[in-house]
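Please read the structure below before turning to the comments.
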Amino acid sequence: VALTEPGFVERYLAAQSPEQIEFFRTSIHKQTLANRITTHADARNVVAEAARTAQQQLQIPPAATVMQFVFGAIGLLDPYSSFLSSSELGEVESQIEGNFVGLGIALQPHEVPLRVLSVIPGGPALEAGMQPGDLILKIDSVVCEEVGAEKAADLLRGPDQSEVRLVMRRTTGEVFERTVARRRVEVPSVEDVQIIEPNEGIAYLKISSFQKTTAPELDEALWNMHRAGMRSLIIDVRGNPGGWLDASVAVADRFLAEG
C-alpha cells in the first residue's frame, strides 16, 4: 500500500520510475506468497528478505520496509487495531488525561489550509481571538499548502510557553496575524449541559469522549441540573470516538444498577 502513498513515494521513491516500482511490487508479492508462515521465525525471515530486496531494487531503507509490514499486520488484526507512532500515542494519552500542551483548537482533518473547527474555552487560541471557521494559512514562515495538512498540524505543536506566529483568514475574507503562546489546555468531555425543557424538567448533556475527568465532570453536571429541576435526561454520545474504558464503565455505573 505504501508504494502508492504520495508521502512515502516522495520520501523514498522519488528517483525510481513507475516501471521499477511496479516490478518490485509484483516480485515482492510473489516472493511473500511463496513462503508458508507458521512461526515467528518464518515471519521474520520473510520480512527480512523483503527489506533486503527493497533496498537492493529501490534503495528503500530496511527500517521503512519493516515498519510497513508492521502497519499491515496490525491493521489486519481487526477493525479496531492500528499502529500508533510516538506522536499519535501522545495525542491519545493527552485525550485520556483530558489535557494537552498546545493552542487549544480542533482542526478539520486532512484539509489545507488548516480549518479551525472549534476553539477550546480558556485556551490560548480563544484569548488570541481565533474563531471556528478561521483558516490557518502560514505557521511562522511555512505556507500550509506547501507542506500538507499533517506536517502543518505538527508545526502547531511545541513545548509549553513556546510561541508560534500564525497568518489566518477569517470567513469574511479578512487576513490577519496572531502570535500565540502554547500552554497546557484542559479539555472538557462533558459539554452543553442545560435544561432544554424547563416545564418538563428535561435536561441535556453531551459526552464528547471518555477520559479520566469524565466521571467527575458528569457528577458535577448531574448535581447542577438536579438542583435546577431535572426530572429526565438526554445523554448525547453522537460522534464520541471512545477513549478510556474505565471512564465509560464509571459513567454507566451512574445509571445502571447491575450488568
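Numbering starts at 1 and runs along the sequence shown.
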Would you say the side chain of V185 lies within less than 4.5 Å of the side chain of L103, judging by non-hydrogen atoms? no

State the CZ-OG1 distance between R115 and T171, to the nearest 0.5 angstrom. 9.0 Å

Sidechain-backbone polar pair: N240 side chain, G242 backbone, donor-acceptor under 3.5 Å: yes

Can you check whether T53's main-chain N or O pairs, donor with acceptor, with Q56's side chain at less than 3.5 Å? no

Just wondering, do I207 and T214 contact through their side chains at under 4.5 Å, heavy atoms? yes

Which heavy atom in A128 sits nearest to a heavy atom in R178, and how many Å separate them? O-NE, 2.8 Å

Any side-chain heavy atom of P113 within less than 4.5 Å of one from E145? yes

Mind running side chain to side chain contact (heavy atoms under 4.5 Å, CB included) on L114 and L135 for me, showing each step along the way? CA-CA 6 Å; L114 300 178; L135 295 178; over 6 Å; no

Do R169 and E174 pass the salt bridge (charged side-chain N to carboxylate O under 4.0 Å, His left out) test, and can you show the C-alpha distance, the side-chain angles, and the key distance before you say yes or no? CA-CA 5 Å; R169 184 169 67 237; E174 174 195 0; over 6 Å; no

Assess whether atom CD of E200 is packed by more than 12 heavy atoms of other residues, nucleotides or ligands within 6.0 Å. no

Exercise: identify the closest heavy-atom pair between T213 and S189: OG1-OG, 4.2 Å

Taking V251 as the starting point, is it possible to reach I96 by hopping between hydrophobic residues whose side chains are less than 4.5 Å apart? no

Calculate, to the nearest 0.5 Å, the distance between atoms CD and CG belonging to E5 and L13 respectively. 11.0 Å

Quick one: does R182's side chain have a donor or acceptor within less than 3.5 Å of a partner on L156's backbone? yes

Is there a path of hydrophobic side-chain contacts, each under 4.5 Å between heavy atoms of I/L/V/M/F/W/Y residues, joining V187 to L218? no

I'd like to know if the side chain of R165 reaches the main chain of E177, judged simply by a donor and an acceptor atom lying under 3.5 Å from each other, with no hydrogens or angles considered. no

Hey, mind stepping through M225 and L233 against side chain to side chain contact (heavy atoms under 4.5 Å, CB included) and telling me if it holds? CA-CA 9 Å; M225 292 190 294; L233 174 64; 3.7 Å; yes

Is any side-chain heavy atom of V47 closer than 4.5 Å to a side-chain heavy atom of R44? no

Nearest heavy-atom neighbours spanning L166 and M130: CD1-SD, 4.1 Å

Between S248 and F210 (side chain of the first, backbone of the second, donor and acceptor by atom type, cut-off under 3.5 Å), is there such a pair? no

Would you call E197 and Y204 a side-chain contact if the rule is heavy atoms closer than 4.5 Å? no

Between Q211 and W244, is a side chain to side chain contact (heavy atoms under 4.5 Å, CB included) present by the stated rule, with each step listed? CA-CA 5 Å; Q211 57 194 38; W244 196 37; 5.7 Å; no

Output yes when a side-chain donor or acceptor of Q16 lies under 3.5 Å from a complementary backbone atom of I21, and no otherwise. no

Between CG on residue D236 and NZ on residue K206, distance to nearest 0.5 Å: 4.5 Å

So I235 and L205, do their side chains get closer than 4.5 Å, heavy atoms only? yes

Electrostatic pair R183-D160, nearest N-O below 4.0 angstrom: no

Identify the two heavy atoms, one from G158 and one from V101, that lie closest to each other, and give their separation to 0.1 Å. O-CG1, 3.5 Å

Kindly work out whether a path of hydrophobic side-chain contacts (I/L/V/M/F/W/Y, heavy atoms less than 4.5 Å apart) joins I60 to V70. no

Verdict with reasoning, L137 to C144, per side chain to side chain contact (heavy atoms under 4.5 Å, CB included): CA-CA 6 Å; L137 308 178; C144 293; 6.0 Å; no

What closest approach, in Å, do A43 and I37 show between heavy atoms, and which atom pair accounts for it? N-CG2, 3.8 Å

CG on D78 to CD1 on I74, rounded to 0.5 Å: 10.5 Å

So does L77 get a backbone contact from the side chain of S81, meaning a donor-acceptor N/O pair under 3.5 Å? no

Are L3 and V9 side-chain neighbours, meaning at least one heavy-atom pair lies under 4.5 Å? no

CG of L117 to CD of Q108: how many Å apart, nearest 0.5 Å? 5.0 Å

Would you say the side-chain atoms of N224 pair up with the backbone N or O of A221, donor to acceptor, closer than 3.5 Å? no

Common cluster, V193/F255, ILVMFWY with side-chain heavy-atom separation under 4.5 Å: yes

Hydrophobic cluster identity match, V119 and L107, side-chain contacts under 4.5 Å: yes

Is it the case that the side chain of E217 and the backbone of V190 share a donor-acceptor pair, with hydrogens and angles ignored and the cut-off at 3.5 Å? yes

If you count heavy atoms of other groups shown closer than 6.0 angstrom to CZ of R170, is the number above 12? yes

If you count every heavy atom of other residues, nucleotides or ligands that lies below 6.0 Å from Q131 atom CD, does the total exceed 12? yes

Evaluate the ring planes of H226 and W223, with Trp represented by its six-membered ring, and classify them as parallel (under 30°), tilted (30 to 60°) or perpendicular (over 60°). perpendicular

Of the non-hydrogen atoms in A250 and A215, which two are nearest, and what is the gap between them? CB-CB, 3.9 Å

With the side chain counted from C-beta on, respond yes when I139 and V147 share a heavy-atom pair under 4.5 Å apart, and no when they do not. no

Point-to-point distance, once rounded to the nearest 0.5 Å, from CZ of R52 to CD of Q57: 13.0 Å

With salt bridge (charged side-chain N to carboxylate O under 4.0 Å, His left out) as the test, would you mind laying out the steps for R254 and D219 before giving the verdict? CA-CA 9 Å; R254 269 53 176 182; D219 290 341; 2.8 Å; yes

Take atom CZ in F23; do more than 12 heavy atoms of anything else shown fall under 6.0 Å from it? no

